[in-house]
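Presented below is the structure to which this report refers.
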Amino acid sequence: MTMSPSPPDNDRPPPARIAFDRWTWKEIAYLLANLPVAIAGFVYTVFLVGVGAGLSVTVIGLPLLALGLQGARGLGRVERGRARSMLGVRIEEPSPMARSRRGQGFFTWLWAGLKDPVGWRTLLYSFIRLPWGVATFAVTLVSLFVLWPVLPYLARGLTNADRAMARALLSPSDELERRIAELESDRGVVVDTAAADLRRIERDLHDGAQARLVALAMGLGLAKEKLTDDPEAAARMVDEAHGEIKVALQELRDLARGIHPAVLTDRGLDAALSAIASRCTVPVTVSVALPGRPAAAIEGIAYFTVSELLQNVSKHSRARAASVDVWRSGDRLMLQVRDDGTGGARLDGGTGMAGLAERLGAVDGQFVLDSPEGGPTTVTAELPWRDRADTEAERVGAA
């Protein structure tokens with residue numbers, strides 16, 4: 001009796017042979033175990049669906065069904081482990097059910113459990129396995145005594161059907177899992193970005209307007225003390241305080257403009273981008289061709305993306321001219337910033353490009369940088385388009 005190697009990395013078992021090697025015996029054992037495992041899964045499925053549906057008119061029917069679907073995940077885990085150890089099929093584990101956050105309540109948990117696709121696919125797998133388990137058990141058992149010369153080939157064909165069935169019903173959706181992983185990563189980026197923005201605002205308030213207002217209060221206190229003894233000095237101190245108030249107000253306006261500029265809220269991207277282009281040290285041509293205004297959140301991200309890119313043009317590009325183009329393509333908002341500078345910009349170059357790419361990725365956007373040495377530099381960004389009217393209607397409906 002020859003010994004076969006372990007299954008190779010490409011997830012395919014070694015070729016079937018007439019000799020009953022270790023791999024063939026594992027496939028035969030899997031087929032013989034199909035019957036008891038299929039009976040257990042079928043009984044669980046029929047009992048769960050029958051009792052859950054029958055008691056759905058009561059208060060315990062749907063919660064029982066939701067708990068049963070979570071238990072079905074355990075059955076799927078057992079079947080994936082059996083296929084992995086005996087058939088060499090590597091099936092990834094699906095993502096666990098998202099835990100309900102505190103305060104969401106019983107009905108949120110119930111709805112999440114009832115619509116769990118992993119649990120329902122496992123129940124379907126368990127239900128259709130009974131006739132297949134009876135057939136594979138009977139064929140394998142009879143072949144051990146009657147058709148043993150061709151049993152390795154017969155076992156391979158039957159287990160190939162098992163492999164296909166397990167992959168089809170017990171594997172997580174590749175696209176869904178990829179999207180879940182992306183959203184989890186994007187959520188972390190959004191949280192980190194929001195925390196960084198809050199720290200920046202706090203630092204600007206503490207080092208700028210707050211310090212200036214504290215000095216202003218002290219100056220006014222001194223002026224009050226000198227008001228009777230030295231009116232002229234008090235008047236000079238009040239004049240100085242008046243100037244400090246103007247500077248503090250300007251700093252607060254700049255800070256508010258950094259959070260969300262009023263011109264963007266009132267007049268949209270065209271006027272807002274023209275305003276930041278006028279402050280750029282390089283002449284900038286702005287072209288905005290939009291059929292309407294996008295959602296406020298998307299509009300704000302587009303504004304700050306262009307603002308950051310134009311700051312990079314001013315600081316690093318050594319360009320003589322630049323341009324900003326904004327347009328809509330299908331369900332995407334497109335942004336493109338060009339300059340005729342020296343090029344050589346990179347996502348890891350310390351110019352904030354990587355942060356912009358992460359922020360756009362967090363809202364399902366794209367960021368493409370083309371900056372060869374010697375220039376020119378072209379940055380193309382795209383964001384999902386949502387009409388402002390639709391988002392405002394949703395907000396009103398939610399309220």
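Here the structure is a predicted model, which is why all the values come from computation and not from measurement.
- Taking 4.5 Å as the limit, every side-chain heavy atom of L114 sits out of range of all side-chain heavy atoms of D116.
- A 4.5 Å side-chain heavy-atom check between W25 and R22 finds every atom pair outside the cut-off.
- Here the side chains of T305 and V379 are not in contact, with every heavy-atom distance at 4.5 Å or above.
- No side-chain heavy atom of N312 sits under 4.5 Å from any side-chain heavy atom of S317.
- Taking Ile, Leu, Val, Met, Phe, Trp and Tyr as members and joining any whose side-chain heavy atoms lie under 4.5 Å apart, directly or through other members, the hydrophobic cluster of M334 also contains W327.
- Shown here are the side chain to side chain donor-acceptor pair (under 3.5 Å) partners of T378, two or more places apart in sequence or in another chain: there are none.
- Within the 4.5 Å cutoff, no side-chain heavy atoms of L123 are placed close to those of F127.
- The closest side-chain heavy-atom distance from L309 to Q336 is not below 4.5 Å.
- In this structure, Y303 and L269 have side chains that are in contact, with non-hydrogen atoms separated by less than 4.5 Å.
- With sequence neighbours left out, the side chain to side chain donor-acceptor pair (under 3.5 Å) criterion links D325 to R338.
- Checked against side chain to side chain contact (heavy atoms under 4.5 Å, CB included), L35 has the following partners two or more places apart in sequence or in another chain: I39, V134, F137.
- In this structure, the side chain to side chain contact (heavy atoms under 4.5 Å, CB included) partners of A155, at least two apart in sequence or on a different chain, are E27, I28, L31.
- Checked by atom type and distance alone, the side chain of K26 never pairs as donor or acceptor with a backbone atom of G88 at under 3.5 Å.
- Between the side chain of Y30 and the main chain of S85, no donor-acceptor pair closer than 3.5 Å is present.
- M165 is listed as a side-chain neighbour of Y125, based on a closest heavy-atom distance under 4.5 Å.
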Starting from the C-alpha separation in whole Å, work towards a yes-or-no answer on salt bridge (Lys or Arg N to Asp or Glu O under 4.0 Å) for R320 and D339. CA-CA 8 Å; R320 292 174 296 178; D339 69 74; over 6 Å; no

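- By the side chain to side chain contact (heavy atoms under 4.5 Å, CB included) test, V139 pairs with S143, L154, L158, sequence neighbours left out.
- Side-chain N or O atoms of S371 include none that pairs as donor or acceptor with a backbone N or O of T377 at under 3.5 Å.
- For R82, the side chain to side chain donor-acceptor pair (under 3.5 Å) criterion is met by N34, E79, not counting sequence neighbours.
- Every side chain to side chain contact (heavy atoms under 4.5 Å, CB included) that P63 has, sequence neighbours left out, goes to F106, L110.
- R332 is linked by a salt bridge (charged side-chain N to carboxylate O under 4.0 Å, His left out) to E382, counting only residues two or more places apart in sequence or in another chain.
- In this view, D270 satisfies the salt bridge (charged side-chain N to carboxylate O under 4.0 Å, His left out) rule with no residue, not counting sequence neighbours.
- For R328, the salt bridge (charged side-chain N to carboxylate O under 4.0 Å, His left out) criterion is met by D387, not counting sequence neighbours.
- The side chain to side chain donor-acceptor pair (under 3.5 Å) search around T281 returns S314, not counting sequence neighbours.
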